[in-house]
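To start, the structure itself, in structure tokens.
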There are 2 protein chains.
Amino acid sequence: MTGMTTTEANKDGNEEGVSRFVERFAAELTGAGMQRMAARVFAALLASEGASMTSAELSEQLRISPAAVSGAIRYLSQVGMISRERDPGTRRERYVLHNELWYETFTRRDQILVRWEKILREGSELLGPKTEAGARTAETAEFFAFLQREMLGIMDRWAVYKEARGAESSF
Amino acid sequence: MTGMTTTEANKDGNEEGVSRFVERFAAELTGAGMQRMAARVFAALLASEGASMTSAELSEQLRISPAAVSGAIRYLSQVGMISRERDPGTRRERYVLHNELWYETFTRRDQILVRWEKILREGSELLGPKTEAGARTAETAEFFAFLQREMLGIMDRWAVYKEARGAESSF
DNA sequence: CGCTCATTTCACAAAGTTGTGAAGTTAAGG
DNA sequence: CCTTAACTTCACAACTTTGTGAAATGAGCG
């Protein structure tokens, strides 16, 4: 209600607003440990119609060199958050956000949890099961194992929840 | 089984092994975005009997200056992972790991999720509910809201699980 | 009370990271 | 094939971050 929030949104007037949003969200991601350029590219893609942009578009909107775009894209496709497409009949590439998959990417820090668990288990053996330190370390390993299992459940429940939401909103 | 794993462990011979474990785990934490010195101090505390060490001990084991210890300690106590104690009758401080609390610390990235959700909601309004970009952004916001709720459940289930495990292992 | 030792603060040097320009590579289109 | 446009790689310079030594602070103990 509060005014005509954004009924006519995304016409030309709010390019600047969108850019501010992109930068703000990217800054958050950067704060959480993501490389800055990758975060900015990711945020720009998220806020783009079609969830896809070309190198030139990214370069222009973010005011960065093609080289920087290239580096960010390499990273994002390595971690599976985007893929590259080629519009046939042109020599420009389109980078498109894996919209469905990036939640998984986000939670698929499984790999990390697995590694941590392993290291901690080895540590606990080294310290000895009879020592306080060994027991503490073992419990920490246990926590990460527990987290791994929970993550799977979360993603399942998210799929269900999203489904339900989607069905309801298309009313 | 596989040999006398570590029945006699933590005698003097494996100080080096413990140190390797500490460094390995710290390196993982660093990789995940934690400051290096804080990670090393944290790992050292985890692997110490009593979950506590003095500044001098940390300085010696990690081969870092007292200044570096001080910086790491400041960070760790800010985020609530350790607290400082003073053995009465001495002028040395002991830094002790919040063993029960640090799991919470780990999952209490709630704050982050809240901020992200807020920014994304604003973004989705800006882009407009009718646009594809707006819908996508709204869904992302929804995901983080969902995650927040899930985190609470996880911590509850961990408490229960740990309880059960503890009871059983004291058999 | 003042001395002494433990911890903290601060300025700086060293090391690391990051984005750029320019040269290099690949592929579409004439 | 040769030209040209798009993307990538590479070396480097600017900028950050990080840990140190030295000086300052503060807390026990005589």
Side-chain angles (χ1 to χ4, degrees), chain A residues 19 22-23 26-45 48 52-79 81-97, chain B residues 19 22-23 26-45 48 50 52-97:
Chain A
S19 175
V22 166
E23 295 303 331
E28 286 288 330
L29 294 172
T30 302
M34 190 173 188
Q35 313 180 182
R36 189 176 337 142
M37 289 296 128
R40 295 180 71 205
V41 166
F42 174 74
L45 286 173
S48 68
S52 80
M53 294 175 81
T54 64
S55 174
E57 287 166 354
L58 286 164
S59 182
E60 192 200 328
Q61 183 184 338
L62 302 174
R63 307 294 192 87
I64 55 180
S65 70
V69 174
S70 176
I73 292 298
R74 176 161 25 122
Y75 172 79
L76 290 172
S77 60
Q78 250 171 11
V79 300
M81 291 171 93
I82 63 161
S83 54
R84 344 156 70 98
E85 289 181 359
R86 198 120 193 177
D87 298 335
T90 177
R91 56 184 80 167
R92 297 208 149 158
E93 246 169 1
R94 296 198 75 72
Y95 306 117
V96 359
L97 191 63
Chain B
S19 175
V22 166
E23 294 304 332
E28 287 287 330
L29 295 171
T30 302
M34 191 173 185
Q35 313 180 182
R36 189 174 339 141
M37 290 296 129
R40 295 179 70 205
V41 166
F42 174 75
L45 287 173
S48 68
S52 79
M53 293 175 79
T54 65
S55 174
E57 286 166 354
L58 286 164
S59 183
E60 191 200 329
Q61 183 183 339
L62 303 174
R63 306 295 193 85
I64 56 180
S65 69
V69 174
S70 175
I73 291 298
R74 175 161 25 121
Y75 173 79
L76 289 172
S77 59
Q78 251 171 12
V79 299
M81 292 171 92
I82 64 161
S83 53
R84 342 155 75 98
E85 288 181 358
R86 199 119 193 178
D87 297 335
T90 177
R91 59 184 77 166
R92 299 208 147 158
E93 244 168 4
R94 297 197 74 72
Y95 306 118
V96 0
L97 191 62

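Chain A is the first sequence line, chain B the second, and so forth, proteins listed ahead of strands; every chain is numbered from 1.
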Between atom [atom1] of [X] and atom [atom2] of [Y], what is the distance when rounded to the nearest 0.5 Å?
| X | Y | atom1 | atom2 | result |
| --- | --- | --- | --- | --- |
| A:Phe42 | A:Leu97 | CZ | CG | 5.5 Å |
| A:Tyr75 | A:Met34 | OH | CE | 5.5 Å |
| B:Met53 | B:Ser55 | CE | OG | 10.0 Å |

Donor-acceptor pair, A:Ser48 side chain versus A:Leu45 backbone, under 3.5 Å?
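The answer is yes, because a donor-acceptor pair under 3.5 Å joins these two groups.
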
Show each protein N/O and nucleotides 17-20 of chain D N/O combination with a separation under 3.5 Å, one pair to a line.
| unit_1 | atom_1 | unit_2 | atom_2 | d |
| --- | --- | --- | --- | --- |
| D:dG19 | OP1 | B:Arg36 | NH1 | 3.4 |
| D:dT20 | OP2 | B:Ser65 | N | 3.1 |
| D:dT20 | OP2 | B:Ser65 | OG | 2.8 |

If the condition is side chain to side chain contact (heavy atoms under 4.5 Å, CB included), which residues does A:Ser70 pass it with, not counting sequence neighbours?
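For A:Ser70, no residue satisfies side chain to side chain contact (heavy atoms under 4.5 Å, CB included) once neighbours in sequence are set aside.
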
Test of understanding: with side chain to side chain contact (heavy atoms under 4.5 Å, CB included), list the residues that count as partners of A:Ala43, not counting sequence neighbours.
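Once residues adjacent in sequence are excluded, the partners of A:Ala43 under the side chain to side chain contact (heavy atoms under 4.5 Å, CB included) criterion are A:Val22, A:Phe25, A:Ala26.
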
Can you pull out the residues from residues 71-84 of chain B that lie within a 4.0 Å heavy-atom distance of DNA chain C?
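The stretch gives B:Arg74, B:Arg84 as the residues lying under 4.0 Å from the strand, ordered by number.
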
Exercise: identify the closest heavy-atom pair between A:Ala44 and A:Leu58
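Nearest heavy atoms, A:Ala44 then A:Leu58: CB-CD2, 3.9 Å.
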
Looking only at heavy atoms, what is the nearest atom pair of A:Gln61 and A:Ser19, with distance?
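That would be NE2-CA, 4.4 Å.
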
Would you list the pairs meeting salt bridge (Lys or Arg N to Asp or Glu O under 4.0 Å) in which at least one residue belongs to residues 30-44 of chain B, sequence neighbours left out?
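As it turns out, the salt bridge (Lys or Arg N to Asp or Glu O under 4.0 Å) pairs with a partner in residues 30-44 of chain B, which skip direct neighbours, are B:Glu23-B:Arg40.
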
Restricting both atoms to N or O, compile the protein contacts to nucleotides 1-5 of chain C shorter than 3.5 Å, with distance only.
| unit_1 | atom_1 | unit_2 | atom_2 | d |
| --- | --- | --- | --- | --- |
| C:dT4 | O2 | B:Arg91 | NH1 | 3.0 |
| C:dC5 | O4' | B:Arg91 | NH1 | 2.9 |

Less than 4.5 Å apart, side chain to side chain, heavy atoms only: is that true for A:Leu76 and A:Arg84?
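They are not in contact (no side-chain heavy atoms under 4.5 Å apart), so the answer is no.
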
Measure the shortest side-chain to side-chain distance between A:Thr54 and A:Glu60 over non-hydrogen atoms and say whether it is less than 4.5 angstrom.
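In short, these two side chains do not touch, never coming nearer than 4.5 Å.
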
To the nearest 10°, let me know how far the axis at one end of the helix from C:dC1-D:dG30 to C:dG30-D:dC1 is tilted from the axis at the other, five pairs an end.
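Both end axes considered, the difference amounts to 20°.
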
Check the interface with nucleotides 12-15 of chain D: list each N/O to N/O pair with the protein under 3.5 Å, or write none.
none

Got a sec, which residues hit side-chain hydrogen bond (donor to acceptor under 3.5 Å, both in side chains) with B:Ser52, two or more places apart in sequence or on another chain?
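Residues passing side-chain hydrogen bond (donor to acceptor under 3.5 Å, both in side chains) with B:Ser52: B:Arg94.
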
Classify the nucleic acid contact of B:Thr90 as base, sugar-phosphate or nothing, counting any heavy atom under 4.0 Å across all strands shown.
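Answer is sugar-phosphate: B:Thr90 comes under 4.0 Å of backbone atoms only.
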
Holding to salt bridge (Lys or Arg N to Asp or Glu O under 4.0 Å), I want the full list of residues that pass it with B:Arg86, two or more places apart in sequence or in another chain.
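For B:Arg86, the residues satisfying salt bridge (Lys or Arg N to Asp or Glu O under 4.0 Å) (neighbours in sequence not counted) are B:Glu93.
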
Taking only residues two or more places apart in sequence, or in another chain, which ones meet A:Glu57 in a salt bridge (Lys or Arg N to Asp or Glu O under 4.0 Å)?
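Listed in chain order: nothing, the list is empty.
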
Can you list everything that forms a ring-ring contact (aromatic ring centres under 6.0 Å, His included) with A:Tyr95? Sequence neighbours excluded, please.
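ring-ring contact (aromatic ring centres under 6.0 Å, His included) check on A:Tyr95 returns nothing, list empty.
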
Would you mind reading off the distance between A:Glu93 atom CD and C:dA27 atom P, rounded to a whole angstrom?
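These atoms are roughly 11 Å apart.
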
From CD of B:Glu85 over to P of C:dA6, roughly how many Å is that when rounded to an integer?
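Going from CD in B:Glu85 over to P in C:dA6 covers 19 Å.
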
